[in-house]
Amino acid sequence: MSREPQKLDSGFYDRKDVVKIARELLGKILVTRRDGIRCSGRIVETEAYAGINDRASHAFGGRRTTRSEHLYGPPATAYVYICYGTHPLFNVITNKKDVPHGVLIRALEPIDGVDQMLIRTGKPIADFTLTKGPGNLSRALGISKLDSGGSLFSDEIFIEDDGLRYKKIQVGITKRIGVESAREDAELPYRFIVKGNPYVSARKS
DNA sequence: CGACCGATCGTCT
DNA sequence: GACGATCGGTCGA
């Protein structure tokens with residue numbers, strides 16, 4: 001089932017179906033290495049943002065601004081933007097340069113570096129809120145807006161595959177969180193979760 | 001330059 | 001389940 005972790009290569013990111021990639025990112029391991037300390041967690045919740053035709057995307061209608069510039073970057077770029085003034089949200093860019101496809105990482109199950117995550121978040125103990133929700137996981141792993149535009153082939157932030165695969169029955173598919181203003185696109189089944197995982201954000205589907 | 005809003009979170013009920 | 005904090009980004013004037 002499990003093997004030595006390998007960094008995902010360009011063949012994973014440069015595909016056209018961002019919804020499929022969002023599904024396949026479940027079970028992969030997001031890693032940051034900062035100050036010689038490795039922090040990592042298994043991805044258990046994702047959302048796809050499908051480019052200029054997706055009303056929930058920052059790139060809807062071809063909009064391209066200072067904030068969303070890195071959404072248009074080459075595959076395996078990190079796109080990090082600030083939400084509600086304080087929360088960095090981490091996205092994986094896919095497809096090809098100038099095609100603004102991204103996958104928002106919404107929750108992790110911690111693996112390495114929990115002590116460092118506690119320091120970064122200021123939490124006294126490692127409860128499920130440590131890496132539940134996109135803002136929380138960014139803080140725990142030390143991801144900030146400064147990371148936006150960086151490559152996921154770097155040694156600072158990257159994604160690994162250790163061979164773990166979730167079965168179809170373990171995966172839940174729902175509409176996305178917090179995108180009510182996207183009208184009909186708010187109903188798209190673009191959110192993927194590991195059923196029953198305590199780190200998945202508990203929200204109404 | 002000012003007004004508005006948000007891919008959230010924590011707290012309170 | 002509801003609500004307010006909080007501030008960067010965006011857009012209009």
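Chain letters run A, B, ... following the sequence lines, proteins first, then strands; residues in each count from 1. Since the model is a prediction, treat every value here as computed from it, not as a measurement.
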A:Phe60 CZ to C:dT10 P, straight-line distance once rounded to whole Å
17 Å
Run the ring-centre check on A:Tyr49 versus A:His101 and record whether the distance is less than 6.0 Å.
no
Using only heavy-atom distances, determine whether the side chains of A:Ser68 and A:Thr65 contain a donor-acceptor pair under 3.5 Å.
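Side chains of A:Ser68 and A:Thr65: pair found under 3.5 Å.
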Just compare [options] and give me whichever is closest to any side-chain atom of [X].
X        : options              : result
A:Thr65  : C:dC11, C:dG8, B:dA7 : C:dC11
A:Ser181 : B:dC9, C:dG9, B:dG6  : B:dG6
A:Tyr84  : C:dC11, B:dA7, B:dG6 : B:dG6

As a test of your reading of the structure, name each stem of DNA chain C as range with range, where a stem is three or more consecutive Watson-Crick or G-U pairs at under 3.5 Å.
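The stems that DNA chain C takes part in, listed by first number, are B:1-6 with C:7-12, B:8-12 with C:1-5.
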Test: A:Arg176 cationic atom under 6.0 Å from A:Tyr190 six-membered ring centre, within 45° of axis
no
Under the 6.0 Å and 45° cation-pi test, does A:Lys7 pair with A:Phe158?
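Relative to the ring axis of A:Phe158, which defines the angle, A:Lys7 lies inside both limits.
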Compare side-chain N and O positions of [X] against OP1 and OP2 of [N] and report whether any pair is under 4.0 Å apart.
X        : N      : answer
A:Arg67  : C:dT10 : yes
A:Arg191 : B:dA7  : no
A:His87  : B:dA7  : no
A:Lys145 : C:dG9  : yes
A:Lys123 : B:dG10 : yes

Around A:Lys195, counting heavy atoms of other residues, nucleotides and ligands shown, do more than 12 lie under 6.0 Å from its NZ?
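Atom NZ in A:Lys195 is packed in, count exceeds 12.
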Over all strands shown, is [X] touching base, sugar-phosphate only, or nothing at heavy-atom distances under 4.0 angstrom?
X       : value
A:Thr66 : sugar-phosphate
A:Arg55 : nothing
A:Asn91 : base

Take A:Ser148 and A:His70 through the side-chain hydrogen bond (donor to acceptor under 3.5 Å, both in side chains) test and state the conclusion after the steps.
CA-CA 7 Å; A:Ser148 198; A:His70 297 138; 2.8 Å; yes
State whether A:Lys175 and A:Glu187 are salt-bridged, where the test is any N-O pair (Lys NZ or Arg NE/NH1/NH2 against Asp/Glu carboxylate O) under 4.0 Å.
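Salt bridge present between A:Lys175 and A:Glu187.
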